[in-house]
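To start, the structure under review is shown below, and the notes come after it.
Every chain is numbered from 1, with letters handed out A, B, ... down the list of sequences.
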Number of protein chains: 2
Amino acid sequence: MARVGLTTERLVRAGAELADEVGFDQVTVSELARRFDVKVASLYSHLKNSQDLKTKIALLALEELADRAADALAGRAGKDALAAFANVYRDYAREHPGRYAAAQTRLDPATAAASAGVRHAQMTRAILRGYDLTEPDQTHAVRLLGSVFHGYVSLEMGGGFSHSAPDTQETWSRILEALDALLRHWPAP
Amino acid sequence: MARVGLTTERLVRAGAELADEVGFDQVTVSELARRFDVKVASLYSHLKNSQDLKTKIALLALEELADRAADALAGRAGKDALAAFANVYRDYAREHPGRYAAAQTRLDPATAAASAGVRHAQMTRAILRGYDLTEPDQTHAVRLLGSVFHGYVSLEMGGGFSHSAPDTQETWSRILEALDALLRHWPAP
DNA sequence: CTGATTTGCCTAAAGGTGTTAGGTAAATGC
DNA sequence: GCATTTACCTAACACCTTTAGGCAAATCAG
């Protein structure tokens, strides 16, 4: 009965990899057990249940994303910061589709408040400091940016833009330019 | 052994209602059977399998959404059309969260091509005729609008904007104004 | 180093979902 | 009124989730 050395940490990391390979909603405690060559029930010493696993994968993804975004923002401002930030999301989603999907799962308010999600909101606000917006327009703009980034990435990954000219990279660049222009000339109500 | 009168049609409609009540990914063949007071296996005469049910719910949602959008667009142009179209999405998602989620599921290319999804793209292009965009900018704009609408609605429904001032209705209006302004002054590359 | 304790992984079992194969009775058609 | 079709059923299997209780490996006390 050799011990494998399971920990919540290792399980969550493996779960994240599994998500990237087979899709977040195909992540299953059983498959995870199989990968560690261990019986399913053994995982329940480290995880409360299946939902717990998924939540922890989501939190991991949010952390990784926030870390990357913070890195990308360092030393940048204005359109430069905007593009760097946006590209972090898009690149992360492409590299880690399962983790990205995980990051979109609805968390209960308490968990969300303690997650890296708040860093994301702060960083978006930081970017907007490079533009001339005051409250409440800044909040409107935060929400717009979140919508565009999330919406674009999820449509692109879902194949919504597939196989049609012009290519999506071109569209992405033009959208970032358009957003920059919009933020520089944000219309009065 | 009284016959209940199951048809694929009725099952899909009931599935859509079930989705709105309990969430699209909680839609299960078993629960559907329970609602018709029928054994699970009986559904397999009308549905290929569970995935087939979900796909058909998605197609139904896409149709309904396209019908509403077409209605809303009739007789409108410019910003008026833009707002009406956008509101159809937002309202539909609020009234029918399960169906809306269904409408986001990835369809295989053949199914997608035969779905009401193409009408959505056509209507978006129709709206853009009210602005002065030529290809390929029109395509970029189609993608931007899709991203914003989908992104905003899914973030709002996921609770991403919850409990923070200003309220989301205000943001939504301002975003529509901003998009209108952006489309009227679409930046050159 | 030995014995006690903790703890990691196991077996067993129960309940839920998905799916297929084959039967019976109700509806339909000649 | 009989033959055929078809709607729904029972039975069975496979897989996932979760809990309860057991044994042996790791850890710790002395």
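Where the helix from C:dC1-D:dG30 to C:dC30-D:dG1 starts and where it ends, the local axes point in directions that differ by 10°; five pairs per end, rounded to 10°.
Applying the 4.0 Å criterion to OP1 and OP2 of D:dT17, one finds that A:S30 has a side-chain N or O inside that range. OP1 or OP2 of C:dG8 has not a single side-chain nitrogen or oxygen of A:S42 nearer than 4.0 Å.
Scanning all heavy atoms of the two residues, the minimum distance from A:T139 to B:P166 falls at CG2-CD, 3.5 Å. Closest approach of B:I127 to B:A81, counting heavy atoms only: CD1-O, 4.1 Å.
For A:S50, taking side-chain heavy atoms from C-beta onward, the closest of the listed nucleotides D:dT17, D:dC15, C:dA26 is D:dT17. In the set D:dC8, C:dC9, D:dT18, the nucleotide with an atom closest to the side chain of B:V38 is D:dC8. For B:T28, taking side-chain heavy atoms from C-beta onward, the closest of the listed nucleotides C:dC9, C:dT17, C:dT11 is C:dT17. Residue A:A41 has its side chain nearest to D:dT19 when only D:dT19, C:dC9, D:dC8 are considered. Comparing C:dA27, C:dC10, C:dG8 by their closest approach to the side chain of B:R3 singles out C:dA27.
As a whole-Å value, the separation of B:Y44 OH from C:dT17 P is 11 Å. Between the P atom of C:dG8 and the CZ atom of A:F36 lies a distance of 14 Å, rounded to the nearest Å. B:E31 has its CD atom 15 Å from the C1' atom of C:dG18, to the nearest Å. Distance B:L32 CG to D:dC8 C1': 15 Å, rounded to the nearest Å. In this structure, B:H46 places its NE2 atom 14 Å from C1' of D:dT5, rounding to the nearest Å. For the pair A:R34 CZ and D:dC16 P, the computed distance is 4 Å after rounding to whole Å. Atom CZ in B:R35 sits roughly 16 Å away from atom C1' in C:dT17 (whole-Å rounding). Put simply, NZ on B:K39 is 16 Å from C1' on C:dG23, counting in whole angstrom units.
Put simply, the side chain of B:T8 reaches to within 4.5 Å of the side chain of B:L47, judged on heavy atoms. At least one side-chain heavy atom of B:W186 sits under 4.5 Å from a side-chain heavy atom of B:L144.
Between B:R68 and B:E63, none of the side-chain N atoms (NZ, or NE/NH1/NH2) sits under 4.0 Å from a carboxylate O, so this pair counts as no salt bridge.
Relative orientation of the A:Y92 and A:H96 rings is tilted, given thresholds of 30° and 60° on the angle between their planes.
When heavy atoms are screened at a 4.0 angstrom cut-off, B:V4 is found touching the sugar-phosphate backbone but no base atom.
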Practice problem: Check step by step if side chain to side chain contact (heavy atoms under 4.5 Å, CB included) holds for A:S147 and B:F161. | Solution: CA-CA 11 Å; A:S147 301; B:F161 301 152; 3.9 Å; yes
